[in-house]
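Just so we're on the same page: letters track the sequence lines, and every chain starts at 1.
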Number of protein chains: 2
Amino acid sequence: MHFSWHALGVTTGLRERKKQATRAALHESALRLVAERGLDRVSVDDIAADADVSPRTFFNYFPSKDDAVIGLDPEHPLRLAEALSARPATETPVQALRAVHAAEAARMAAETELWPLRLQVVDAHPALAARLTASFARSEQVLAEWLAARTGTRAELDVQPTLLAAVQGSVMRSALHRWRAGDYTASLPALVAEGWDQVEAGFPAPRH
Amino acid sequence: MHFSWHALGVTTGLRERKKQATRAALHESALRLVAERGLDRVSVDDIAADADVSPRTFFNYFPSKDDAVIGLDPEHPLRLAEALSARPATETPVQALRAVHAAEAARMAAETELWPLRLQVVDAHPALAARLTASFARSEQVLAEWLAARTGTRAELDVQPTLLAAVQGSVMRSALHRWRAGDYTASLPALVAEGWDQVEAGFPAPRH
DNA sequence: AGGAAAAGTGCACGCACTGCAAACATGCGT
DNA sequence: ACGCATGTTTGCAGTGCGTGCACTTTTCCT
């Protein structure tokens, strides 16, 4: 096959493809082993062995064991920013966020293997929950800046940008929580939408 | 004296007081040193030496270096639950949360030394941010259960409890963020209240 | 005072993570 | 096809976190 690999900037030589494969292998080994044995009964050496690389190589791909277990795309914040600025300028911020969330939820639900496992181990190990939340947090920061730019306010001092960015994370985490609690029978995008409905409507104000 | 010391487990003999003092000393040493030098230029041994205990003793008080730097009360979730159930049953959940948040914000703002330092180091070290968020997360879990009980819904499957618990955390984190961004000139309780106003009102729905 | 219980301490160990330098693989120009 | 430039893997050695264990010291209670 000599036709060019174009697609999503994914273009590949052998080198790039191998890197992707190794990264995925390490992540999947880490996730599976930890799901089976628990976090402290799996060493980095175990993971490296399972993925067939040297222990030292492990750290070329992930800065820590925890990160390998979570294994999220480190460029997610970037792609989030792109997805947002691709939305029509006529939308309100919430509309744009809903749209992006819907697409993201659909993508996540499609990984029928990884996300349930991730949620399982995250639930079993608070330290991993912290890492996962930290990953989301970096996206939230990007988001707050985008929101500030979009609404023309100063990012740091107004309520809206930083609060909405945080709330958006709450919507997603709450949806993931309920997805797992219901044994993945519900549709993740639907759960996310449900959260947004609640957020848009506001929470029960004092009865008047 | 033979009458029992009951109360809130608080009062005590020399033993308990010393423990409190040692814990506080370790936390303050950790926080100050990390603020000065950065997280990876401070070892557990440094902290222990600064607080005048043996390195081994350090781990009798905190399970990790990070936890010592953050140094939050491990029983916070419990006191949160108590504070909530002390609220009159006539209040809506949001009203009760606002009240509890207001008290908490006032208490935090009163620690004029610690919180600014905490926010500084948390801002400089993502790993610490993760720990801090993890601390909040446990309170959120307690909260979700309380909300579920209060509204008589099943905790795990309905939107309200888990989402509101998460959003409450968002309000607090957003307030802390803006508090720091404004160099602590604003009133923290006011910032928190501002967040709640926004949350109660709901976010800008599609223009009609 | 004296013994029980709790806290502090030293020692030894396993494992996470890092810098460095050497082997190895891949891409590219000729 | 060849060989050099560049990127990737690996081994080695070192630092520092965190833990189990056994022992000493301090506080508590009668």
Below 4.5 Å, heavy atoms only, C-beta onward: do A:Leu33 and A:Val69 meet side chain to side chain? no

Are B:Lys65 and B:Asp40 ion-paired here, with the side-chain N under 4.0 Å from a carboxylate O? no

Strictly below 4.0 Å, heavy-atom distances to any atom of DNA chain C: list the hits from residues 48-61 of chain A, or just say none. A:Arg56, A:Phe59

Close side-chain approach of B:Leu39 to B:Asp66, heavy-atom, < 4.5 Å: yes

What is the distance, to the nearest angstrom, from the CG atom on B:Leu128 to the P atom on D:dC17? 13 Å

Is there a side-chain contact between A:Gln141 and A:Glu145, using heavy atoms and a 4.5 Å cut-off? yes

Of all the nucleotides listed (D:dT9, D:dC17, C:dC17), which has the minimum atom distance to the side chain of A:Ser64? C:dC17

Per-nucleotide protein contact along nucleotides 23-30 of chain C, 5' to 3', at a 4.0 Å heavy-atom cut-off (B base, S sugar-phosphate only, - neither), is --BBS---

Please examine the side chains of B:Glu28 and B:Glu113, heavy atoms only from C-beta on, and report whether any two atoms are closer than 4.5 Å. no

Nearest whole angstrom, please: distance from the P of D:dT15 to the CZ of B:Arg41. 15 Å

Within a reach of under 6.0 Å around CD of B:Glu75, are more than 12 heavy atoms found that belong to other residues, nucleotides or ligands? no

Quick one: do A:Arg32 and A:Glu36 satisfy salt bridge (Lys or Arg N to Asp or Glu O under 4.0 Å)? Show the steps, please. CA-CA 6 Å; A:Arg32 186 173 45 75; A:Glu36 286 170 9; 3.5 Å; yes

Answer yes or no: does a side-chain N or O of B:Lys19 lie under 4.0 Å from OP1 or OP2 of C:dA7? yes

